[in-house]
Amino acid sequence: MQLSQKFYDAFKLCGSPPIARKLHAQLILSGLDASLFLLNNLLHVYSNCGMVDDAFRVFREANHANIFTWNTMLHAFFDSGRMREAENLFDEMPLIVRDSVSWTTMISGYCQNGLPGHSIKTFMSMLRDSNHDIQNCDPFSYTCTMKACGCLASTRLALQLHAHVIKLHLGAQTCIQNSLVDMYIKCGAITLAETIFLNIESPSLFCWNSMIYGYSQLYGPYEALHVFTRMPERD
RNA sequence: ACACUGACUCUUUCC
């Protein structure tokens, strides 16, 4: 077995700061810290262990950062609530490097840090600034944006996003349907959620849970329970 | 090198 493979496996298992540091030291000693692939994995390990500063040190010392390096670091900052640093990093990213993952990380990062309004603004920037249409058709960008819309509880915006995903022919994708249902529920627009839900041949667990939540909020526990009993598979 | 980055619901007993 290759040594690099061993590092890769060890990174996958590593969940504690002392082990992370030890692996880092051994990576340097072995000379394999020249491998960007392994450095990217180390970056992810540091991020998972809540060691953002160590992650950033690895990032700065990496000679030729690729898209994985940038995006992993971006996510690391948001994960630890360091939004300003995430923003700075995003601004520093060369435009050629930025991809739909970078944008989606920004959108979801703001939302997870309690700033759904920023998510929407970022989404608008994405549509405006990235000329590549392919980059604007990533379903993950829309699931994250719709989540932010739900947090804002804006039915008006929800309808616009809905029209947008239909126009891009993303409406048949399961994750998009999940997000549409949940977005409308969070906006309190249960009729619109039902319209989507009833048109899905086999709704996912995500959808069912969103509907149950919606009914419980609007009609109380008994109606919610009624929906629950109609689920084909309960867990 | 077919390995590395972002999602969508609920839950996750401190009181």
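Letters A, B, ... are given to chains in the order of the sequence lines, protein chains preceding strands, and every chain is numbered from 1.
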Worksheet item: More than 12 non-hydrogen atoms from neighbouring residues, nucleotides or ligands closer than 6.0 Å to CZ on A:Arg60, yes or no?
Response: yes
Discussion item. At a heavy-atom distance below 4.0 Å, which nucleotide of RNA chain B is the first touched by chain A, and which is the last?
Written reply: B:rA1 to B:rC10
Discussion item. Regarding A:Gln2, tell me which of base, sugar-phosphate or nothing describes its non-hydrogen contacts under 4.0 Å with the strands shown.
Written reply: nothing
Worksheet entry | Evaluation steps, side-chain contact (heavy atoms from CB on, under 4.5 Å), between A:Tyr215 and A:His226 | CA-CA 9 Å; A:Tyr215 273 73; A:His226 183 66; over 6 Å; no
Fill in: No-hydrogen, no-angle side-chain donor-acceptor test under 3.5 Å, A:His24 and A:Tyr46
yes
Discussion item. Determine whether A:Gln173 and A:Tyr142 satisfy the following criterion, side-chain hydrogen bond (donor to acceptor under 3.5 Å, both in side chains), listing intermediate values before the conclusion.
Written reply: CA-CA 11 Å; A:Gln173 299 206 21; A:Tyr142 290 87; over 6 Å; no
Worksheet item: When all nucleic acid strands are considered with a 4.0 Å heavy-atom cut-off, which category describes A:Thr105: base, sugar-phosphate, or nothing?
Response: sugar-phosphate
Discussion item. Can you see whether A:Ser204 engages A:Thr174 through a side-chain donor-acceptor pair at a distance of less than 3.5 angstrom?
Written reply: no
Worksheet item: How would you label the contact of A:Thr72 with the nucleic acid (heavy atoms, under 4.0 Å): base, sugar-phosphate, or nothing?
Response: sugar-phosphate
Worksheet item: Base, sugar-phosphate alone, or nothing: which one does A:Tyr213 contact when heavy atoms must sit under 4.0 Å apart?
Response: nothing
Worksheet item: Do NZ/NE/NH1/NH2 and the carboxylate oxygens of A:Lys186 and A:Asp182 come within less than 4.0 Å?
Response: yes
Worksheet item: Using 4.0 Å as the upper bound for N to carboxylate O, is an ion pair formed by A:Lys6 and A:Asp9?
Response: no
Fill in: RNA chain B-proximal residues of residues 155-184 of chain A, any heavy atom under 4.0 Å
A:Cys175, A:Asn178, A:Ser179, A:Asp182
Item to complete: Mind running side-chain hydrogen bond (donor to acceptor under 3.5 Å, both in side chains) on A:Asn40 and A:Asn66 for me, showing each step along the way?
Response: CA-CA 9 Å; A:Asn40 288 340; A:Asn66 64 14; 3.3 Å; yes
